[in-house]
J.: 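If you scroll down you'll find the structure; I have some questions about it.
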Amino acid sequence: MAKGMYFERFDPTKGESLQILDPEGRLNEDLRPDLPGQRILELYERMSVMRLADQTALNLQREGRMGTYAPFYGQEASQASAAFLGPSDWLVPTYRETGALFLRGVPLQSLLRYWMGDERGMRVPEGMRVLPIQIVIGSQTLHAVGLAWAMMLQGEKSAAVAYFGDGASSQGDVHEAMNFAGVLKTPVVFVCQNNQFAISMPRSGQTAAATIAQRASSYGFPGLLIDGNDLLAVAGAMNEALAAARSGGGPRLIEMLTYRIGPHTTSDDPSKYRTAAEVDVQKPFDPLLRLRRYLGAKGLWNDGAEAAILAKARAEISAAVAAAEAMPPAPVSDMFDYTYRVLPPYLERQKSEYASFLKDEASRGGRHGF
Ligand SMILES: Cc1ncc(C[n+]2csc(CCOP(=O)(O)OP(=O)(O)O)c2C)c(N)n1
């Protein structure tokens with residue numbers, strides 16, 4: 001496949017979309033991205049760990065060992081888009097991107113800790129270009145455009161990647177971000193994971209436009225609709241969009257069409273708004289299944305290899321859970337220390353009152369430190 005071709009060749013306004021590996025695991029050689037077999041294997045392994053980590057997180061919540069959690073089951077290939085960012089690109093995530101953050105290199109124990117309700121879980125390793133998870137729908141796209149603009153002004157050849165969902169695409173913030181990005185030609189890649197639901201609102205109720213990708217044309221930059229359950233389409237689209245953004249080609253929008261198999265979050269009951277049969281229809285399109293078929297046909301995969309990586313994944317995840325649960329609670333003083341540079345007197349008073357309360361509590365065997 002010649003460089004720079006996916007966005008030119010597949011026009012979402014004509015209903016065209018990119019698929020490279022079909023659900024049976026058959027590769028379209030003409031469209032094959034520059035991704036060595038060994039790298040595909042490696043990504044398959046990381047996606048398997050990611051899936052197991054996601055299931056573990058869900059179980060931890062059900063056991064009362066974690067707070068609300070937003071699973072990404074079914075979206076592993078779209079989440080793996082994070083593997084194509086370079087070290088100097090920024091990843092700007094929402095709550096859905098636990099898998100993307102994991103692939104970026106944020107330690108799993110930190111991610112679990114975050115979902116256990118500890119903000120310190122968002123303290124990423126020094127120098128890693130990752131913004132904290134955004135819960136406010138759509139506003140992170142503005143932050144990404146700001147980051148991209150700053151990098152552009154500083155002459156850096158890096159991109160910012162903003163993740164958002166089909167529901168977020170209806171937010172004013174997302175419109176403003178894309179409009180601004182188009183005008184200023186900021187190096188930003190908008191990644192819309194269209195998992196076909198915004199909590200209970202199906203994609204059909206979200207917009208009358210045939211695709212979300214086609215909106216890019218109205219902002220003056222290219223958009224591409226891809227099969228978001230196809231890792232190779234994700235790889236091709238991401239590499240092309242990132243290369244364009246980093247070299248002054250302006251923004252790109254990629255709509256990754258996927259499906260949220262699980263609930264919106266652990267507080268949601270999807271049976272209220274969709275049938276089990278509807279979900280079953282989506283299962284054959286599983287992103288891991290098609291990679292397994294592809295790798296199996298190439299002789300790179302078999303049941304033994306699958307069992308071995310799952311055993312490795314279980315060990316990696318158990319260690320992360322143990323480390324997250326062993327972390328002592330955040331000092332209560334954190335609550336006072338990170339909002340004001342100089343604490344207002346009334347908060348200073350509360351802080352010292354609370355410190356003496358905790359001291360008394362500690363003398364009675366309480367466990368919170370200050
Ligand atoms: C500004 C704002 N409005 C409403 C909400 C409540 N809310 C949380 S998740 C969600 C749905 C978002 O759906 P989508 O953008 O498709 O992302 P997904 O959850 O499917 O990944 C809504 C409305 C919010 N967090 N922020």
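Both ligands and their constituent atoms are indexed starting at 1 by order of listing.
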J.: Using a strict 4.0 Å cut-off to heavy atoms of R96, name the atoms of ligand 1 that fall inside it.
T.: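 Selected atoms, number and element: 18 (P), 19 (O), 20 (O), 21 (O).
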J.: Give a yes or no on whether the ring-centroid distance for F197 and Y273 is below 6.0 angstrom.
T.: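 Yes, ring centres under 6.0 Å apart.
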J.: Do R252 and F190 meet the cation-pi criteria used here (NZ or CZ under 6.0 Å from the six-membered ring centre, within 45° of the axis)?
T.: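 Verdict for F190: no cation-pi partner in R252.
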J.: Verify, without hydrogens or angle tests, whether D268 (side chain) and P263 (backbone) share a donor-acceptor contact under 3.5 angstrom.
T.: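 Side chain of D268 to backbone of P263: no pair is present.
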J.: Would you say N195 has any N or O atom under 3.5 Å from an N or O of ligand 1, going by distance alone?
T.: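 N/O-N/O distance under 3.5 Å: yes.
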J.: Could you check atom 17 (O) of ligand 1 against the protein and tell me its nearest heavy-atom contact, residue, atom and distance included?
T.: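 The closest one turns out to be Y95 OH, 3.4 Å.
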J.: Which residue and atom name correspond to the protein heavy atom nearest atom 15 (O) of ligand 1, and how close is it?
T.: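 Checked against all protein heavy atoms, atom 15 (O) of ligand 1 sits closest to A168 N, 2.8 Å.
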J.: Taking distance alone, with no angle check, do I199 and ligand 1 share an N/O pair under 3.5 Å?
T.: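 So ligand 1 has no N or O lying under 3.5 Å from an N or O of I199.
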J.: Can a donor-acceptor pair be found between the side chains of R215 and T207 at a distance below 3.5 Å?
T.: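 Looking only at side-chain atoms, T207 and R215 do form a donor-acceptor pair, the distance falling under 3.5 Å.
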J.: Is R120 salt-bridged to D334, cutoff N-O under 4.0 Å?
T.: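 The answer is no: the pair does not qualify as a salt bridge.
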J.: Is it true that R51 and D286 have a side-chain N and a carboxylate O under 4.0 angstrom from each other?
T.: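 Yes, this pair counts.
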J.: Is there a polar contact, in the sense of an N or O pair closer than 3.5 Å, between G167 and ligand 1?
T.: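 G167 vs ligand 1: N/O contact under 3.5 Å present.
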J.: Heavy atoms only, cut-off 4.0 Å: how does F197 contact ligand 1, side chain, backbone, both, or neither?
T.: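 Within the 4.0 Å criterion, F197 contacts ligand 1 through backbone atoms alone.
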J.: Should one rank I137, T265, V136 by closest heavy-atom distance to atom 7 (N) of ligand 1, which comes out on top?
T.: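 Looking at heavy atoms only, the winner is I137.
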J.: Does the gap between the ring centers of F180 and W149 come in under 6.0 Å?
T.: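 Yes: the rings meet the under 6.0 Å criterion.
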J.: Are R290 and D227 within salt-bridge range, i.e. N to O under 4.0 Å?
T.: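 The answer is yes: the pair qualifies as a salt bridge.
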J.: Pull out every atom of ligand 1 sitting under 4.0 Å from any heavy atom of H264, numbered as shown with elements.
T.: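 Listed by number with element, the hits are 9 (S), 19 (O).
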J.: In terms of residue, atom name and distance, what is the protein heavy atom nearest to atom 25 (N) of ligand 1?
T.: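 For atom 25 (N) of ligand 1, the nearest protein heavy atom is I135 O, 3.0 Å.
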J.: Test of understanding: given a 4.0 Å heavy-atom threshold, classify the contact between Q171 and ligand 1 as side chain, backbone, both, or neither.
T.: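 The answer is the side chain of Q171.
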